[in-house]
There are 2 protein chains.
Amino acid sequence: MTVRALYHYDEIGLLSASERTPAGHRRYTEHDLRRLYRVRALRALGLSLEEIAGVLDGAADDPGSMRDLLTAQLRRLDEHAELIGVLRQRIRGLLRQTGDSSGPDPDRLMTTLELMSVFETYFTAEQRERLAERRDALGGEGLEAAKREWTGLVEEGLRLMETGVPADDERARDLVRRWDALAGGFHPDGPEGERTRAAARRMWRDNSAEIGRSLPWPAERMAGLVAYLDQARESG
Amino acid sequence: MTVRALYHYDEIGLLSASERTPAGHRRYTEHDLRRLYRVRALRALGLSLEEIAGVLDGAADDPGSMRDLLTAQLRRLDEHAELIGVLRQRIRGLLRQTGDSSGPDPDRLMTTLELMSVFETYFTAEQRERLAERRDALGGEGLEAAKREWTGLVEEGLRLMETGVPADDERARDLVRRWDALAGGFHPDGPEGERTRAAARRMWRDNSAEIGRSLPWPAERMAGLVAYLDQARESG
DNA sequence: GCTACGACCTCTCCCAACGGGAGGTTCAAG
DNA sequence: CTTGAACCTCCCGTTGGGAGAGGTCGTAGC
């Protein structure tokens, strides 16, 4: 304990010395000391000074308030621990992405960071959770297969678009169908799935440059492809 | 994101709009936006704005700084998680103490809180850890047995003291030996054990009233007993 | 009795990351 | 032209104290 903390407790009315010497020096009585012990113990449990004041001053009125406060604190700590777990997972994922063998690749890391933020802008927390569930359900090799299939679709789409095939051509519309079917594996079922699909399309439309940066094709070509596919989808 | 956060980032120089309209309104360019995405993503990992500014502005100089920062953050999160685990254990222990069947017993809880603080005043963190290890090693029934034995010693000591047996009497000195032997089971071996023993004696001497409150005997009798045993120990 | 030095007092500013509001300007739509 | 929303700057508030200025008190040694 520092003397400054005692002054602070005095200021906020949590604990004041009940006596003063004529010169104004604080005299902490036995009673004050016992209160200080309780304050310190409760602080050591992570409670705020306000909560401590509440439970120490109101404990006489409500003998159960202490238990309530402690159970509430336990819940808070649980939530906090869960949050920390999530953050740890995220950071480990990021470190894995660059750490293995590819050497230090800060660009890739930066791009991933940007995408994280974009992702969080367009999907709600629950939607992101559902998407993560589906992705995990696909498994590692399923994910790889989907990636390869999607790469093929992108190449095919770029060929169609850049050879002048109009967006309402049957070939383009068929490509969109296969594209959406592949994407469907990542979205949940039912109306919620439709909402995440719509959010994903908005994200692509608004940020194809951002997203394209993380892909092997130039951003402008991807942006063009997205617009082309949107046209094809609407024409169907 | 609130606009207020953007103003804040501008104030601290983390992210300012690179253009302004003639009227003074901020215009965030594409480039600014990308920086904002990175800031938000890093914030979502629990990094401080200062750290983010450092890594974003210095990343060109040192491509590994990002990895270093993330691993450091991972370590911090680990420590934090461990701390939360400790706090949870403590709170669960406190709730167990009053929750089982004895009904709401806020007095007992308060006394325990005071003792926690006293305990932390006299023992260092490492010492408390060693003591907890020894206590756990004793096991539940071992602890109960020690408690019963110690209750007997207290009763015997109170009898001796209150029937006027002088502290340098052999019976008192023998009691002290058994008392210290019993306490020895809780202290570590070697010189460190001697230090915790000394700390425990100081704690008893200074706070017998506090500690006595948690025991079935009146605090004054316990205080007297402690003084009596100290005399007997010194006379040996 | 004097003096030195430590301990104490009040008062003020500082930290992180914004939130909220006052009071004034600007923008875009009707 | 008006109106309402959005934007601007400036300032105070939050938590739990830390740091320091500038002054007073108390006690120990000489």
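In the text below, chain A, chain B and the rest are named by the order of the sequence lines, each starting its count at 1.
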Next on the checklist: Using a 4.0 Å heavy-atom cut-off to protein, can you give one letter per nucleotide of nucleotides 6-15 of chain D, 5' to 3': B if the base is in contact, S if only the sugar-phosphate is, - if neither?
Outcome noted: -SSB-B---S
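Evaluation of the salt bridge (charged side-chain N to carboxylate O under 4.0 Å, His left out) rule for R173(A) yields E170(A) as partners, not counting sequence neighbours. Applying the side-chain contact (heavy atoms from CB on, under 4.5 Å) test to D10(B) and every residue at least two apart in sequence or in another chain returns S16(B), R20(B), R26(B). Partners of R135(A) according to the salt bridge (charged side-chain N to carboxylate O under 4.0 Å, His left out) rule, which considers only residues two or more places apart in sequence or in another chain, do not exist here. Taking the side-chain contact (heavy atoms from CB on, under 4.5 Å) definition, one finds that T196(A) meets it with F123(A), Q127(A), H187(A), P188(A), E192(A), sequence neighbours left out. Looking at residues two or more places apart in sequence or on another chain, you find a side-chain contact (heavy atoms from CB on, under 4.5 Å) between R75(A) and A72(A).
Here the C1' atom of nucleotide dA16(C) and the CG atom of L47(B) are 14 Å apart, to the nearest Å. The interatomic distance linking L14(A) (CG) with dG16(D) (C1') rounds to 11 Å, in whole Å. As a whole-Å value, the separation of I12(A) CD1 from dG17(D) C1' is 10 Å. In this structure, L36(B) atom CG and dC18(C) atom P are separated by 11 Å, rounded to whole Å.
The phosphate of dC18(C) (OP1 or OP2) has no side-chain N or O of T2(B) nearer than 4.0 angstrom. A sub-4.0 Å separation between OP1 or OP2 of dG17(D) and a side-chain N or O of Y9(A) is present.
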Validation: residues 229-236 of chain A side-chain donor-acceptor distances under 3.5 Å, sequence neighbours left out:
unit_1, atom_1, unit_2, atom_2, d
D230(A), OD1, R233(A), NH1, 2.9
D230(A), OD2, R205(A), NH1, 3.0
R233(A), NE, D180(A), OD2, 3.0
R233(A), NH2, D180(A), OD1, 3.0
S235(A), OG, A232(A), O, 2.8

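For E50(B), the CD atom sits in a loose shell: 12 or fewer heavy atoms of surrounding residues, nucleotides or ligands are nearer than 6.0 Å.
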N/O contacts under 3.5 Å, protein versus nucleotides 28-30 of chain C?
none

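Within the structure, every pair that satisfies the ring-ring contact (aromatic ring centres under 6.0 Å, His included) test and touches residues 70-93 of chain B, not counting sequence neighbours, is listed here: H80(A)-H80(B).
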